Amino acid sequence: MSKKGILMVISGFSGSGKGTIVRNMMEKYDNYALSISMTTREPRQGERDGIEYFFVTKEKFEQTIEEDGLIEYANYCGNYYGTPRAYVEEQLNAGRDVILEIEIQGALKVKKRFPESLLVFVTPPNAKELKKRLIGRGTETPEVIEQRLSRAYEESEGVEAYDYIVVNDDLMTCVEEIHFLVEAARRAPLRREALIQQIRKELKEFAKGAE
Ligand code: 5GP
């Protein structure tokens with residue numbers, strides 16, 4: 001049987017740079033598949049349907065929830081965001097490591113449903129830097145920036161639920177660190193059950209006197 005991939009969640013405050021990190025992980029390594037989320041938010045300039053997100057109506061989103069077509073979903077600053085189930089399952093079964101770039105409520109749901117998933121939280125070195133990056137991005141109005149900063153404060157309360165926290169000071173260092181965490185997770189006993197069972201069985205035979 002082929003090995004299942006690792007389901008990895010990458011979260012971070014809006015403006016933490018997690019989108020850029022994920023793009024670089026996809027370019028640098030070939031073991032990752034990126035899940036494209038469904039959202040009811042309006043596309044930003046330059047965003048394309050089916051590339052950054054599947055942009056859908058509230059009705060379509062709610063219908064997908066009812067059909068159990070999402071692994072998780074959440075409401076973030078007034079819009080729905082969710083992870084389509086089919087692609088994730090298909091890729092994991094094909095042995096690829098799947099990245100979900102999602103916010104904290106969704107991340108906690110994923111952990112509950114898939115305890116073996118790996119939750120990584122990305123943060124800038126400090127809050128001042130976060131605000132600077134949000135303003136510098138130039139894609140949000142001042143009201144939305146305020147909303148996202150206050151959401152970041154709320155999210156900071158839940159960070160302890162993650163498996164790892166990575167500081168995004170230098171982009172490529174951060175990318176390598178996250179890749180390293182995935183490689184480490186592959187070696188956790190939880191994912192080495194078959195190997196452990198095999199060795200245990202062999203040791204039992206020895207204990208019984210086998211040569
Ligand atoms: P943005 O509007 O900036 O693209 O995304 C807002 C937040 O929603 C980000 O924190 C992003 O990671 C999160 N997000 C994107 N897709 C999903 C998803 O499928 N599920 C959940 N729970 N959050 C998502």
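These numbers come from a predicted model, not from an experiment. Values below: all heavy atoms of this structure, side chains included; hydrogens, waters and symmetry mates excluded. Both counts, for ligands and for their atoms, begin at 1 and track the order of listing.
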Check your understanding: Is Tyr76 in polar range of ligand 1, meaning some N or O pair under 3.5 Å apart?
Key -> no
Review point. Does the side chain of Val120 reach to within under 4.5 Å of the side chain of Val9, using non-hydrogen atoms?
Key: no
**Study point:** Contact with ligand 1 for Arg44, non-hydrogen, under 4.0 angstrom
**Key:** yes
Review point. Which bit of Glu52 gets closer than 4.0 Å to ligand 1, counting heavy atoms only: side chain, backbone, both or neither?
Key: neither
**Study point:** Matching residue for Ser117 among Val98, Asp163, Leu7 - test: side-chain contact (heavy atoms from CB on, under 4.5 Å)
**Key:** Leu7
Check your understanding: Would Glu101 count as a contact of ligand 1 if the rule is a heavy atom under 4.0 Å away?
Key -> yes
**Study point:** Contact (N/O only, under 3.5 Å) between Arg137 and ligand 1
**Key:** no
Exercise for review: Ignoring angles and geometry beyond distance, decide whether Arg148 reaches within less than 3.5 Å of ligand 1 through its nitrogen or oxygen atoms.
Suggested key: yes
Revision key, fill the gap. Honestly, for Arg151 the part within reach of ligand 1 (heavy atoms, under 4.0 Å) is neither
Revision key, fill the gap. Smallest heavy-atom separation, Tyr80 atom then Thr39 atom, equals O-OG1, 2.9 Å
Check your understanding: To the nearest 0.5 Å, what is the distance between CE (Met25) and CD (Glu101)?
Key -> 11.5 Å
Point to revise | ligand 1 to Tyr73 polar contact by distance, N or O atoms, under 3.5 Å | key: no
**Study point:** Closest protein heavy atom to atom 9 (C) of ligand 1, given as residue, atom name and distance to 0.1 Å
**Key:** Lys18 NZ, 3.9 Å
Check your understanding: Under the 6.0 Å and 45° cation-pi test, does Lys109 pair with Tyr73?
Key -> yes
Exercise for review: Just go through Glu155, Glu103, Glu140 and tell me whose heavy atom is the nearest to atom 13 (C) of ligand 1.
Suggested key: Glu103
Study note, to complete from the structure: Note: Leu70 and Arg85 closest approach over all heavy atoms is O-NH2, 3.5 Å
Practice item. Answer with yes or no whether Gly82 contacts ligand 1, where contact means a heavy atom under 4.0 Å from a ligand atom. Key: yes
Point to revise | Those atoms of ligand 1 less than 4.0 Å from some heavy atom in Arg41 | key: 1 (P), 2 (O), 4 (O)
Point to revise | Atom indices of ligand 1, in the order listed, that fall short of 4.0 Å to a heavy atom of Ala74 | key: 22 (N)
Revision key, fill the gap. Between Cys174 and Ile21, the two heavy atoms sitting closest are SG-CD1, 3.5 Å
Check your understanding: What's the shortest distance from atom 19 (O) of ligand 1 to any protein heavy atom, and which residue and atom give it?
Key -> Ser37 OG, 2.7 Å
Practice item. For ligand 1, indicate whether the residue Glu72 contacts it via side chain, backbone, both or neither (heavy-atom separation under 4.0 Å). Key: side chain
Review point. Is it true that atom CG of Asp30 has more than 12 heavy atoms of other residues, nucleotides or ligands lying nearer than 6.0 Å?
Key: no
Point to revise | Arg186 side chain vs Val182 backbone, donor-acceptor pair below 3.5 Å | key: no
Practice item. Number the atoms of ligand 1 from 1 as they appear, then name those within less than 4.0 Å of a heavy atom of Gly106, with their elements. Key: 22 (N)
Practice item. Over all heavy atoms of both residues, which pair between Glu155 and Ile104 is shortest? Give the atoms and the distance, please. Key: O-CD1, 3.5 Å
Review point. Of the listed options (Ile102, Leu108, Thr139, Thr39), which comes nearest to atom 18 (C) of ligand 1 when hydrogens are ignored and any heavy atom counts?
Key: Ile102
Practice item. Could you establish whether Tyr53 and ligand 1 come within less than 4.0 Å of each other, counting only heavy atoms on the residue side? Key: yes
Revision key, fill the gap. All heavy atoms of Tyr32 vs all of Arg96, minimum pair found to be O-NH2, 3.1 Å
